[in-house]
Amino acid sequence: MSKIHVMPVELSNRIAAGEVIERPASVVKELVENSLDAGATQITVAIERAGLHLISVSDNGCGMDGEDALLALEPHGTSKLLSDEGINHISTLGFRGEAIPSIAAVAKVTIRTRTADEAEGVEVLVEGGKRIHCHPCGGAVGTTIEVRELFFNTPARKKFLKSNPTEEHHIEETLMNLALGNTGAGFTLLIDRKKVFSCVPDATPELRVREFFGRNFAANLKKVEYVEGDCRIHGLVAAPGFTRPGRREQRIYLNGRPVESLPVWRGIRDGYGTLENESGRFPPALLFIELPPEEFDINVHPAKREVRFKSEYFITRAVGTAVRQALHENAEQNAETLSPEPAVPKSISIEQILQAAQVAYQPRSSVQMELQELAAPAVKTIPAEEEVCPKEPPPAKETPEPQTPEVSTLTDRPAENSPVVRIRAAIPEEAVFAGAWPDRVLGIYDDTYILAAGGGALIVVDQHAAHERILFEEILDRLASGSSASQPLLIGQMLELPPAKAALLLRNRDVFAKLGFDFEDMGGRNVIVNAIPSNFNEHMAPVSQIVEEMLDELLENSRAQMPVNPEFAARAACKAAVKAHWVLSVEEATTLLQKLKACRQGTLCPHGRPTMITLSEKELERRFGRR
């Protein structure tokens, strides 16, 4: 008897569905792409219980007649690819005929559709790939597909889904990505019958960016327009200095299809050149690339996320040239529009506010800086005989160590439910910390690195990484003790956030309150910050920048659980640390090193980067050729 047999159709369909339908967001993506291919100008997506109970996609496209509605449920039933020649000229978002059959194999699907030529529509009900009924129905021209009880017959797939807020975030991100790339259609998203966003059709990319990310984000983007041969590149790129901690906001569209592409990412990096030299930071971009279909292959990934170009070098060079040209033209325009007349200040200092309110105050002397200090050279030194840090500091009082989570090392595997920390910089093997703690500050180089001596070695401390570690452990100590010391702001800071960030912040308001933040929902995407953690009072960046960078990091980690793990939120809150090129006095640098030495893990920042490197005396002698 033969050991090889043909799988039943139901089983093969479930296996195929696993390649296309990874999570509820995959269903939304496939159905919305079908709606766009049908010529829809208005698409409404309704979600209940993170898509596991209901996913409904309605459009005003061309619709289907009864015969086509049944054929659409057959494996590889499609109207978009009819011959071998067509595979090299794909111009639609969907083409393989896998989406609807794959969804129908793992859910209960109802299709209601009508064409403009028909007086009545048709309704088809399928459960687990089996047709239940097909009969006439009323309805407007277009198609509505309802997907209920997703993964009801594949419990293993359902078990590995994330929490409801996490899955809802993926759905929101998927639809927003499609809306940014298809501005000719209007999109509405409802989650549990509550409107999340709604955008009108026939919009410009600039308007969509402003709707989704706010005015401040849109104001920092510059137009791109470049044509070379059959390739056209247009869209928006960020002004130099406006960056994010990941590539999430580098959105690429190839003939209207959202894709991920290393050649394009390399082109964006090359376009900025030396303008962007901060490790682990990426400038946002919204780039539309138009190419003849025969110049690329989209059929290299089951979910059609990746693309393969016939000439990757050409794409990288073209994108780099487009970005470079856009930045250069905008720099020239800004130079021409500069006026010698004094401009109206964008912000008012706290001193002016207090004076106007007749509030008495006494500024701390260390905050006031002399003009001579501003003009000082990059390396600030102190006399050798003047030791700022005592060689033998008095022993600290022993206090019981709070029960806080340990920071995982580079080799630790994270627990299944713990957030993943993205390491953004490799630790140089030849310059890792060798055990000597700094006991004397020698100077500060480039207002970024504290040069110190200790244990017969030269120690270089990254002031940003060191301050991040100090803030992180202070926040964890407060979390362990149950105290959430806050510092109220004199004037609340209004923030206009993208929907995903606003939802993340408001859903985790209790977690942020434990850290010391106080947020107030003002409706829509507007939030007011009324208080910040008490240890954010020195050398702090603008509150809006801290909150946005904190939310960026939380969103960048796709495995972060909802509600957010307090430890991971504390790690993200360390964005309030002093930055590179922020001026610190020698006294402040000394205090920073003393606090760092008191940390439980002072050699690594919360994100895994080293806070200091050590150059031993032997290493210095070797490099200078003395031995």
Side-chain angles (χ1 to χ4, degrees), residues 20-64 69 72 93-94 99-100 102-104 106-114 121-127 137-152 158 161-182 185-201 208 211-212 498-500 502-504 506-507 524-525 562:
V20 179
I21 308 304
E22 302 175 7
R23 60 196 331 153
S26 304
V27 176
V28 173
K29 174 183 178 295
E30 298 293 343
L31 295 183
V32 171
E33 286 183 347
N34 281 344
S35 296
L36 292 169
D37 287 338
T41 59
Q42 188 63 51
I43 302 171
T44 300
V45 179
I47 305 297
E48 293 183 9
R49 298 182 194 172
L52 293 178
H53 178 66
L54 171 67
I55 298 174
S56 174
V57 177
S58 302
D59 66 62
N60 62 349
C62 62
M64 298 178 286
L93 298 177
I100 295 179
S102 296
I103 297 169
V106 293
K108 302 175 182 179
V109 177
T110 302
I111 301 176
R112 298 185 188 92
T113 182
R114 182 170 80 86
V122 62
E123 177 181 284
V124 181
L125 175 62
V126 179
E127 292 186 4
C137 71
V141 174
T143 302
T144 297
I145 298 182
E146 295 179 352
V147 180
R148 298 182 182 274
E149 307 302 328
L150 184 63
F151 301 132
F152 79 98
K158 190 174 183 178
L161 294 177
K162 303 301 180 183
S163 64
N164 284 3
T166 300
E167 296 300 333
E168 289 171 359
H169 167 66
H170 282 288
I171 291 171
E172 183 179 342
E173 178 72 16
T174 296
L175 190 60
M176 184 174 65
N177 209 23
L178 289 167
L180 285 168
N182 297 272
F187 295 83
T188 300
L189 175 62
L190 304 172
I191 295 182
D192 293 331
R193 302 183 182 181
K194 180 180 179 181
K195 183 184 292 186
V196 177
F197 65 77
S198 180
C199 46
V200 299
R208 284 283 162 90
E211 288 178 343
F212 287 129
L504 173 68
L506 296 175
R507 286 171 181 162
R525 299 176 314 204
M562 298 285 184

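Quick caveat, the model's predicted, so the values are computed rather than measured.
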Output the distance between atom CG (N164) and atom CD (E48), rounded to the nearest 0.5 Å.
-> 12.0 Å
Set of side chain to side chain contact (heavy atoms under 4.5 Å, CB included) partners for A40, sequence neighbours left out = S35, I43, D59, N60
For the residue pair N34 and T143, establish whether any side-chain heavy-atom pair is separated by less than 4.5 Å.
-> no
Got a list of side-chain donor-acceptor pairs under 3.5 Å for residues 192-199, not counting sequence neighbours?
residue, atom, partner, partner atom, Å
D192, OD1, R49, N, 2.9
S198, OG, T188, OG1, 3.1

Passes side chain to side chain contact (heavy atoms under 4.5 Å, CB included), K162 versus R23? Steps please.
-> CA-CA 9 Å; K162 303 301 180 183; R23 60 196 331 153; 3.8 Å; yes
When V147 is tested against each of I103, L52, I21, V106 for side chain to side chain contact (heavy atoms under 4.5 Å, CB included), which residue passes?
-> I103
Using the test side chain to side chain contact (heavy atoms under 4.5 Å, CB included), find all partners of E173 that sit at least two apart in sequence or belong to another chain.
-> H169, M176, R248, R251
Without swapping roles, check the side chain of T113 against the backbone of G142 for a donor-acceptor pair under 3.5 Å.
-> yes
So which heavy atom on F187 is nearest to which on L36, and how close?
-> CZ-CD2, 4.0 Å
So CD of Q42 and OG1 of T44: to nearest 0.5 Å the spacing works out to 5.5 Å
Heavy-atom side-chain proximity of I47 to V28 below 4.5 angstrom = yes
For S58, check side chain to side chain donor-acceptor pair (under 3.5 Å) against everything at least two apart and list the hits.
-> T144
Taking the side chain as C-beta and beyond, is there a heavy-atom pair between T174 and V32 under 4.5 Å?
-> no
Among all residues two or more places apart in sequence or in another chain, which pass the side chain to side chain contact (heavy atoms under 4.5 Å, CB included) test with A502?
-> L497
Indicate yes or no: at least one non-hydrogen side-chain atom of P24 is less than 4.5 angstrom from one of H170.
-> no
Measure the spacing between CG of L180 and CG of L175 and express it to the nearest 0.5 Å.
-> 10.0 Å
Which heavy-atom pair separates P201 from G186 by the least distance, and what is that distance?
-> CB-N, 3.5 Å
Partners passing side chain to side chain donor-acceptor pair (under 3.5 Å) against R112 (at least two apart in sequence or in another chain) | E123, E146
Short side-chain to backbone donor-acceptor contact, R208 and A179, under 3.5 Å = yes
Report yes if some heavy atom in the side chain of L189 is under 4.5 Å from a heavy atom in the side chain of E172; otherwise report no.
-> yes
